[in-house]
Amino acid sequence: MGIVEKIKEIEEEMARTQKNKATEYHLGLLKAKLARYRAQLLEPTTKSGGAGTGFDVQKSGDARVALIGFPSVGKSTLLSKCTHTQSESAAYEFTTLTAIPGVLEYQGARIQLLDLPGIVEGASEGRGRGRQVVATAKTADLILIMLDATKSEEQRRLLEIELDAVGIRLNKKRPDVVFKRKTTGGITINKTVPLTKIDEKTIRTILASYKLHNCDVMIREDITTDEFIDVLIGTRKYIPCLYVYNKVDAISLEQMDKLAREDHTVVISCELGLNLDYLIERIWEELDLVKVYTKKRGAHPDLTDPICLRKGATVEDVCNGIHRSLAANFRYALGKSSKFNPHAQKVGLNHHVMDEDVVSSAYRSRREPYVLLRLTGGV
């Protein structure tokens with residue numbers, strides 16, 4: 001029996017099993033087996049045949065956004081409308097057969113928009129080059145799921161199932177669980193909150209199924225069995241997602257209003273160019289980028305070419321964004337880290353920068369160089 005058959009057998013058994021307190025332990029074991037088999041399906045341990053052809057697209061720009069959806073939902077049209085890249089689009093399915101990158105320029109940032117081939121049901125098992133598509137989607141900072149507004153909600157559910165099966169968690173945060181292996185001492189489980197969705201017996205059984213007999217587990221939130229398995233596997237990707245409904249010009253106003261009020265949802269029409277500006281604004285908000293401006297001594301800040309970093313970036317990231325040698329010669333930075341202190345304070349490489357900070361560098365002398373970064377809270 002192959003891995004795909006084993007996965008289907010476990011899914012059928014889980015569908016037959018009633019969910020209650022008595023079967024919670026058994027379902028936990030089945031979920032652990034299912035996650036292990038899916039990991040083997042995505043990353044087989046043995047080589048069978050030659051290497052496959054993937055999508056060799058170099059990551060460029062300040063962020064990457066991946067377009068995912070079924071065939072003929074408007075992904076190529078959206079790429080052509082938002083960027084200067086022309087992606088082939090036609091009335092038949094599977095027009096796009098490889099990944100086509102484009103660059104979206106917005107507020108000084110260069111965002112790479114990636115048009116991926118349409119996926120089909122069973123893509124997580126390798127159907128229709130599904131593995132290459134989802135593997136590329138794992139490298140994205142934001143996922144746009146393109147949907148056809150004229151079709152049922154079943155398309156959204158199927159796409160979520162396919163992405164969840166390959167370890168992509170949409171619009172979810174990483175569970176606040178600390179897992180640490182050790183050589184001896186057995187299993188130690190500590191929790192700071194009451195657990196209502198999983199018990200300690202299930203946790204120990206899942207650990208034993210992964211052959212983990214010596215480890216420390218610290219749980220700081222009420223997690224489920226699936227979330228605990230995700231922590232053990234450690235390869236899950238937590239990516240923000242926007243659901244983009246295209247072709248809203250073909251549905252009624254009542255249907256469009258209902259779709260637009262859902263969370264993480266944008267309604268557009270690529271053919272008529274409706275609501276594309278709002279979609280770009282939502283992409284910018286979901287990416288949550290921080291703009292840092294550079295400034296020469298005695299000059300005004302350069303507001304045309306900012307350094308765009310992810311939220312939570314530090315002074316070290318700013319140094320690397322300017323030049324890789326700056327961090328090695330760094331001494332300290334002057335930054336306004338508190339609104340109650342009007343004077344600049346010395347901060348180190350681990351200081352977090354804020355949006356629209358201004359950075360200026362200075363060198364003491366050629367014999368003893370150092371980098372002085374002046375961070376001001378805004379321009």
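Start at 1 with the first residue, then count along the sequence.
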Fill in the blank from the handout: Residues passing the side-chain hydrogen bond (donor to acceptor under 3.5 Å, both in side chains) test with Asp164, sequence neighbours excluded, are Arg169
Exercise for the section: Please report the closest heavy-atom contact between Asn214 and Gly186, naming both atoms and the distance. Expected result: OD1-N, 2.8 Å
Handout entry: Leu170 with Leu259, same ILVMFWY side-chain cluster at under 4.5 Å
Key = yes
Completion exercise
Heavy-atom closest pair (Ala32 atom, Ile206 atom, distance to 0.1 Å) is CB-CG2, 4.3 Å
Exercise for the section: Would you please name every residue forming a side-chain hydrogen bond (donor to acceptor under 3.5 Å, both in side chains) with Asp148, sequence neighbours left out? Expected result: Thr150, Lys247
Practice task
Please identify each residue that fulfils side chain to side chain contact (heavy atoms under 4.5 Å, CB included) with Ser252, with sequence neighbours left out.
Solution key: Glu254, Gln255
Handout entry: Heavy-atom side-chain proximity of Ile219 to Thr192 below 4.5 angstrom
Key = no
Practice task
Taking the side chain as every heavy atom from C-beta outward, state whether Tyr238 and Pro175 have any atom pair closer than 4.5 Å.
Solution key: yes
Handout entry: With Leu158 via side chain to side chain contact (heavy atoms under 4.5 Å, CB included) - residues at least two apart
Key = Phe70, Glu121, Glu154
Completion exercise
The reported gap from CG in Asp317 to CD1 in Ile307 (rounded to nearest 0.5 angstrom) is 10.5 Å
Exercise for the section: Please answer: with hydrophobic residues joined when any side-chain heavy atoms are less than 4.5 Å apart, are Ile223 and Ile187 in the same cluster? Expected result: yes
Exercise for the section: Please tell me if the side chains of Leu212 and Leu232 come closer than 4.5 Å, counting only heavy atoms from C-beta onward. Expected result: yes
Practice task
Consider only side-chain heavy atoms of I, L, V, M, F, W and Y, link residues closer than 4.5 Å, and tell whether Ile10 and Phe228 are in one cluster.
Solution key: no
Problem - With Thr224 via side-chain hydrogen bond (donor to acceptor under 3.5 Å, both in side chains) - residues at least two apart - result: none
Practice task
Supply the atom-to-atom distance Leu309 CG to Asn320 CG, rounded to the nearest 0.5 angstrom.
Solution key: 9.5 Å
Completion exercise
Hits for ring pair (Phe, Tyr, Trp, His ring centres under 6.0 Å) against Phe179, two or more places apart or cross-chain, chain-then-number order -> none
Handout entry: Beyond-backbone contact of Tyr243 with Glu160, side-chain heavy atoms, under 4.5 angstrom
Key = yes
Exercise for the section: May I ask whether Val177 and Ile189 are part of the same hydrophobic cluster, defined by side-chain heavy atoms of I, L, V, M, F, W, Y residues being less than 4.5 angstrom apart, directly or through others? Expected result: yes
Completion exercise
Residues pairing under salt bridge (charged side-chain N to carboxylate O under 4.0 Å, His left out) where one sits in residues 199-209, two or more places apart or in two chains, turn out to be Glu200-Arg204
Handout entry: Intermediate values then yes/no, side-chain contact (heavy atoms from CB on, under 4.5 Å), Asp357 and Met354
Key = CA-CA 6 Å; Asp357 274 354; Met354 304 299 292; 3.9 Å; yes
Problem - Polar side-chain atom of Thr83 near backbone of Ser80 as donor-acceptor pair, under 3.5 Å - result: no
Practice task
Check side chain to side chain contact (heavy atoms under 4.5 Å, CB included) between Lys31 and all other residues, then give those that pass, not counting sequence neighbours.
Solution key: Met14, Thr225, Asp226, Ile229
Problem - Working for side-chain contact (heavy atoms from CB on, under 4.5 Å), residues Val65 and Gln112 - result: CA-CA 6 Å; Val65 179; Gln112 186 184 45; over 6 Å; no
Exercise for the section: First locate atom SG of Cys241, then atom CG of Asn171, and finally report the distance between them rounded to the nearest 0.5 Å. Expected result: 5.5 Å
Handout entry: Check: Ile100 and Leu114 side chains under 4.5 Å, non-hydrogen atoms
Key = no
Practice task
Applying side-chain contact (heavy atoms from CB on, under 4.5 Å), run through Val217 and Val178 and close with a yes or a no.
Solution key: CA-CA 6 Å; Val217 180; Val178 179; over 6 Å; no
Handout entry: Pairwise distance CG(Leu144) to CG(Leu142) - rounded to 0.5 angstrom
Key = 5.0 Å
Handout entry: Pairs meeting criterion salt bridge (charged side-chain N to carboxylate O under 4.0 Å, His left out) with involvement of residues 175-195, two or more places apart
Key = Asp176-Arg220, Lys182-Asp216
Practice task
Check whether any side-chain heavy atom of Leu113 lies under 4.5 Å from a side-chain heavy atom of Val103, and answer yes or no.
Solution key: no
Fill in the blank from the handout: Minimal heavy-atom distance between Ala66 and Leu116, with the atoms involved, is CB-CD1, 4.2 Å
Practice task
Give a yes or no answer on whether the side chain of His352 reaches the backbone of Gly312 with a donor-acceptor pair at less than 3.5 Å.
Solution key: yes
Problem - Lys311 atom NZ: more than 12 heavy-atom contacts under 6.0 Å - result: no
Problem - From Cys308 atom SG to Asp355 atom CG, the distance as rounded to the nearest 0.5 Å - result: 9.0 Å
Fill in the blank from the handout: Tightest non-hydrogen contact, residues Ile143 and Ala137, listed as CD1-O, 4.1 Å
Exercise for the section: Working to the nearest 0.5 Å, report the span between CE of Met146 and CG of Leu79. Expected result: 10.5 Å
Donor-acceptor contacts, no H, no angles, side chain residues 270-289, under 3.5 Å, sequence neighbours left out:
from: Asn275; atom 1: ND2; to: Val267; atom 2: O; distance (Å): 2.8
from: Tyr278; atom 1: OH; to: Arg282; atom 2: NH1; distance (Å): 3.2

Exercise for the section: Evaluate the side-chain proximity of Thr314 to Val353: yes if any heavy-atom separation is below 4.5 Å, no if none is. Expected result: no
Completion exercise
Nearest heavy-atom approach of Asn246 to Ser269 is OD1-CA, 3.5 Å
Exercise for the section: Would you please name every residue forming a side-chain hydrogen bond (donor to acceptor under 3.5 Å, both in side chains) with Arg110, sequence neighbours left out? Expected result: Glu105
Handout entry: ILVMFWY cluster, Tyr106 and Leu67 together (side-chain gap under 4.5 Å)
Key = yes
Completion exercise
Nearest heavy-atom contact between Arg310 and Asp141 is NH1-OD1, 3.0 Å
Exercise for the section: Can you tell me which residue pairs pass the salt bridge (charged side-chain N to carboxylate O under 4.0 Å, His left out) test with a partner in residues 257-270, sequence neighbours excluded? Expected result: Arg156-Glu262, Asp257-Arg261
Problem - Min side-chain heavy-atom separation Leu207-Cys215 under 4.5 Å - result: yes
